[in-house]
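Okay, structure first, notes after.
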Amino acid sequence: MTLPTPSTPPSPPRKWVLFAILGTAFLGFLDATYLTVAFYQRTPLQCGLLGGCDVVTTSRFATVGGVPVALLGSLYYLTLIFMVVAAHDLKRSAFLRIAARLTLVGFVFSLWLTGVQTFVLRAFCFYCLLSAASSTLLFILSFFLPVWRRGRREPEPVV
Amino acid sequence: MTRHERRELQRQQRKGQAANQGRRRTFSRALTWAAVVIVLGGAVAGLVALANKSTPTGAVDPVTDQDWTKGPKDAKTVLIEYSDLQCPACRAYLPTLKSLAEKNADKLLVVYRHFPLKQTHRNAELAARFAQAAGKQGKFWEMHDVLFEKQTEWSSEGDPKKLFIEYAASLGLNTDQLTQDADSATIKQEVEGQYQSGLRAGVDATPTFFLNGTRVKNPASPDDFANTVNAAIAAP
């Protein structure tokens, strides 16, 4: 994959990228939080589109050491939102760099979960796919942040 | 005003401006974070409320013609059981339920609903479908009894279908029809429908009993449970 060519000196991230990340992360947050709440309240999911929600959300893959994956997702999106707002507030690109790396983690985790649904459970849940889509979009959006392309040895730009 | 005084005044003004700006900046920062917290908090509260709306009301669905029942339809005492054919605790209640139904054949309506715990009991759902399909041939309770009685035999079986067909044959059922029905979308939906009704009623373990619409709170033993049911039947 070719990354956008670096502009020197690193320009601050474009506004639309930040808003797109915020919006997508918020959507993901709503989605994952709904699943988390449903998990703890044992609510049957409103699952019209594809069915199979219960198969997925009650499977042994739905928790990691007793912690529901949905909760991890919620926290992931929440962290992203805070990172973007913090980067804006404190004018520190370090937060964006953390956010960008997080999107990679989120993307890989989503790939794994979608793989599990496809090949192991053979059942899909709409909310899980929505989250996979938002994680993927976030990962793509992260390439528009001016943080991937800086080598480690280059000095921190003075903002 | 001397030159010195003028300069002093300007310096004061600049200081004031800077302080003002600083204050404004602090204010806008606080506003940003407050907005973030309010939006996120509001979203969580909204989702919790949304989930609460569809949260188990605890009310159990009334008995319909679709239900498997034993006893008179107009009985004063109604006992609804949400059960899983692969669950050992459910099996332990079988003799108690049978004797309750027999002894109170004219006073008690017993209802069986499927609540297969698919996550822990991998054959439970298939068993439920076979029992349901046997019901199509008029032998639900017979199949239900056999499946519970032979539970240990088929529970850990990788492919329990063969055993199910064997049991069905011993009951004189049409096994080809049975196998076909058990795989049909209708039967799958019926089992899923009962499972969903259990979720709505707040069922989270098996067996869960509802006596006249009220959930029986964790009976200590089948005998203890029988006492509760008998008391309800005896009540005026």
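In what follows, chains are A, B, ... by sequence order, proteins preceding strands, each numbered from 1. Worth knowing before you read on, the calculation uses all heavy atoms, side chains too, and leaves out hydrogens, waters and symmetry mates. Keep in mind that what you see is a predicted model, and the values were worked out from it rather than measured.
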Side-chain donor-acceptor distances from residues 16-31 of chain A under 3.5 Å, at least two apart:
residue: A/T24; atom: OG1; partner: A/A20; partner atom: O; Å: 2.6
residue: A/D31; atom: OD2; partner: A/S131; partner atom: N; Å: 3.2

Side chains of residues 111-118 of chain A: which donor-acceptor partners sit under 3.5 Å, not counting sequence neighbours?
residue: A/T114; atom: OG1; partner: A/S110; partner atom: O; Å: 2.8
residue: A/Q117; atom: OE1; partner: A/C125; partner atom: N; Å: 3.1
residue: A/T118; atom: OG1; partner: A/T114; partner atom: O; Å: 2.6

query: Under 3.5 Å, side chain of B/Q86 to main-chain N/O of B/N123, donor-acceptor pair present?
result: yes
message: For residues 68-81 of chain A, give me every residue with a non-hydrogen atom less than 4.5 Å from any non-hydrogen atom of chain B.
response: A/L78, A/I81
- prompt: Sequence neighbours excluded, which residues qualify as ring-ring contact (aromatic ring centres under 6.0 Å, His included) partners of A/F82?
  reply: B/W33
- request: Quickly, which of B/Y93, B/Y82, B/F115 forms a ring pair (Phe, Tyr, Trp, His ring centres under 6.0 Å) with B/F209? Name it, please.
  value: B/Y93
statement: The interface call for A/A62 against chain B, heavy-atom contacts under 4.5 Å, is neither
query: Taking atom CD of B/Q66 as the centre, does the number of heavy atoms from other residues, nucleotides or ligands within less than 6.0 Å exceed 12?
result: no
B/R91 (side chain) donor-acceptor with B/L147 (main chain) under 3.5 angstrom: no
- prompt: Which residue out of B/V44, B/L40, B/T32 racks up the most heavy-atom pairs below 4.5 Å with chain A?
  reply: B/L40
